[in-house]
Amino acid sequence: MNHLGEARNLVEEVFPKYFSHQAQTVVCAPGRVNIIGEHTDYNDGFVLPAAIQFYTAIAVSPRTDSFVEAVALDHNAQRVRINLQKSIVNNKDAPWSDYLAGVLQEFQKHGFTLSGMNLLISGNVPQGAGLSSSASFEIAIAAAINTINQLGIHGRDAALIGQAAENNFVGCRCGIMDQLVSAMGKKEQAMLLDCRSLEPTFYSIPADLRLLIINSNVKRGLVGSEYNLRRQQCEDAAAWFEVSALRDISIEQLKQAEGKLDETVYKRARHVVTENQRTIEAAKAMAAGDVKKLSRLMAESHQSMRDDFAITVPAIDTLVEIVSEVLGSNGGVRMTGGGFGGCVVALVPLSFIHKVTEHVAKEYEKRSGLQETVYICEAADGGFADS
Ligand code: GLA
């Protein structure tokens with residue numbers, strides 16, 4: 001059975017054990033991998049992610065009172081109870097429930113009066129791997145609320161609510177990419193997202209290519225603080241150029257700032273400006289089936305993240321090197337996600353999958369002292385793909 005079926009069946013079957021009645025329905029939302037366009041979303045730029053076949057699933061039923069009662073199977077079946085008629089606050093004993101509380105609060109801020117609900121939650125998106133298990137949780141919660149209250153909201157609104165929950169309640173200043181692709185991703189397609197207009201355009205991933213995701217299993221430290229620092233540096237650069245976001249800066253304008261703008265801030269800006277261009281070009285290359293170009297763009301993206309944005313770590317650089325030794329220009333490889341560990345993503349022709357994974361199995365531990373985890377994915381539908 002696939003990951004979607006597994007996650008759905010599990011929560012549906014186990015629900016009566018915790019709530020002594022059947023669930024009304026099951027909703028799901030996927031994790032994501034970003035093919036190219038890193039740290040560009042909060043600069044109003046472009047990203048090219050895909051939703052992947054790993055999910056958070058929630059079995060849900062309505063209640064007649066004002067309580068939301070939730071059980072998280074993956075957190076020792078911990079149970080929380082939130083009263084929708086009282087002010088919603090953080091729960092230090094159950095940090096996972098902050099995502100739930102934050103999404104509920106954002107729906108309320110939008111003026112929705114919500115029904116009480118019973119929720120049973122479980123997921124198979126690898127956690128702490130940079131594959132957006134939290135965005136998939138937020139979007140699954142939004143889907144549960146949407147279904148039980150028959151709100152008929154659009155995937156874009158669900159994504160904005162999820163992002164706001166994370167920004168305002170959880171305290172991470174993330175951009176919109178993860179939530180938007182978890183909500184609106186499409187099977188077999190990569191999504192070029194203009195993060196200013198929030199308009200997605202879909203590009204078929206060439207049929208022969210697979211999304212090979214390799215988890216470096218580097219323990220991620222400092223992710224939140226370094227992420228917020230990068231965001232601040234980008235805002236400083238935009239302020240220096242007197243624009244609202246780095247999206248509005250051309251390569252020519254950027255070059256003129258060299259030597260005048262603080263050196264670190266200049267490098268951060270150079271990453272964003274060049275990455276935006278690479279992302280648009282990558283979408284075009286995908287449409288043209290130009291794998292050689294994709295390969296070059298992904299390699300340049302990785303170098304830029306390593307040298308200008310300073311978000312890679314040695315084990316990740318080594319992993320990218322090992323993959324490209326076998327893949328050459330037959331596919332692309334780069335670090336994916338916020339950085340400081342996590343996964344690399346590779347676009348790999350079917351005929352190369354075995355060679356690549358074998359070479360990684362042989363070399364990665366030898367060169368880094370760590371063991372990888374491999375996921376072979378195809379692009380999946382988002383939790384609001386039909387909206
Ligand atoms: C994290 C954030 C996203 C995005 C990426 C970097 O995944 O949640 O909004 O900024 O990092 O591209």
Side-chain angles (χ1 to χ4, degrees), residues 29-52 54 98-99 102-103 125-139 156 158-185 190-196 198 200 213 215 220 222-235 238 245-247 268-269 271-276 278-279 282 297-298 301-302 304-306 308-313 316 334-345:
R32 68 94 188 92
V33 70
N34 190 17
I35 298 167
I36 194 165
E38 222 64 81
H39 287 261
T40 42
D41 60 352
Y42 55 80
N43 290 295
D44 278 3
F46 295 87
V47 291
L48 188 67
I52 52 174
F54 289 95
D98 281 352
Y99 295 97
V103 172
V125 184
Q127 296 203 3
L131 299 176
S132 293
S133 56
S134 28
S136 86
F137 185 23
E138 290 151 14
I139 296 303
R156 191 175 295 115
L160 286 166
I161 283 177
Q163 182 200 19
E166 195 144 340
N167 289 172
N168 302 332
F169 203 86
V170 182
C172 170
R173 297 186 66 207
C174 66
I176 191 65
M177 165 171 73
D178 305 347
Q179 290 81 4
L180 211 123
V181 71
S182 175
M184 295 179 67
M191 183 178 90
L192 177 69
L193 178 66
D194 177 335
C195 298
R196 175 166 277 166
L198 299 186
I213 301 170
N215 191 341
R220 298 168 88 204
L222 297 172
V223 188
S225 58
E226 288 292 335
Y227 185 92
N228 289 346
L229 175 61
R230 294 300 178 285
R231 197 169 169 159
Q232 185 59 52
Q233 289 165 331
C234 291
E235 284 167 9
L246 282 177
R247 149 76 170 269
R268 305 295 186 254
H271 166 73
V272 173
V273 173
T274 57
E275 184 80 350
N276 272 332
R278 282 188 290 272
T279 304
L297 293 165
M298 288 174 80
S301 169
H302 187 81
S304 178
M305 291 190 290
R306 184 190 62 203
D308 278 354
F309 219 62
I311 52 170
T312 71
V313 291
I316 285 274
R334 58 183 282 282
M335 185 191 77
T336 184
F340 306 98
C343 293
V344 309
V345 60

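Ligands are counted one by one from 1 in listed order, and the atoms in each one are counted from 1 as well. Side chains included, hydrogens not; waters and symmetry mates left out as well; all remaining heavy atoms used.
Taking a heavy-atom cut-off of under 4.0 Å, ligand 1 is surrounded by R32, E38, H39, D41, Y42, C174, G175, M177, D178, Y227, G338.
Between the side chain of R268 and the main chain of D308, a donor-acceptor pair closer than 3.5 Å is present. At distances below 3.5 Å, at least one donor-acceptor pair connects side-chain atoms of N167 with backbone N or O atoms of C174. The backbone N or O of F46 lies less than 3.5 Å from a partner atom in the side chain of T40, making a donor-acceptor pair. Side-chain atoms of H271 come within 3.5 Å of backbone N or O of E38 as a donor-acceptor pair.
In summary, the side chains of S301 and R278 do not present any donor paired with an acceptor at a separation below 3.5 Å, with no hydrogens or angles considered.
Remark: F137 pairs with no residue by the ring-ring contact (aromatic ring centres under 6.0 Å, His included) rule, at least two apart or across chains.
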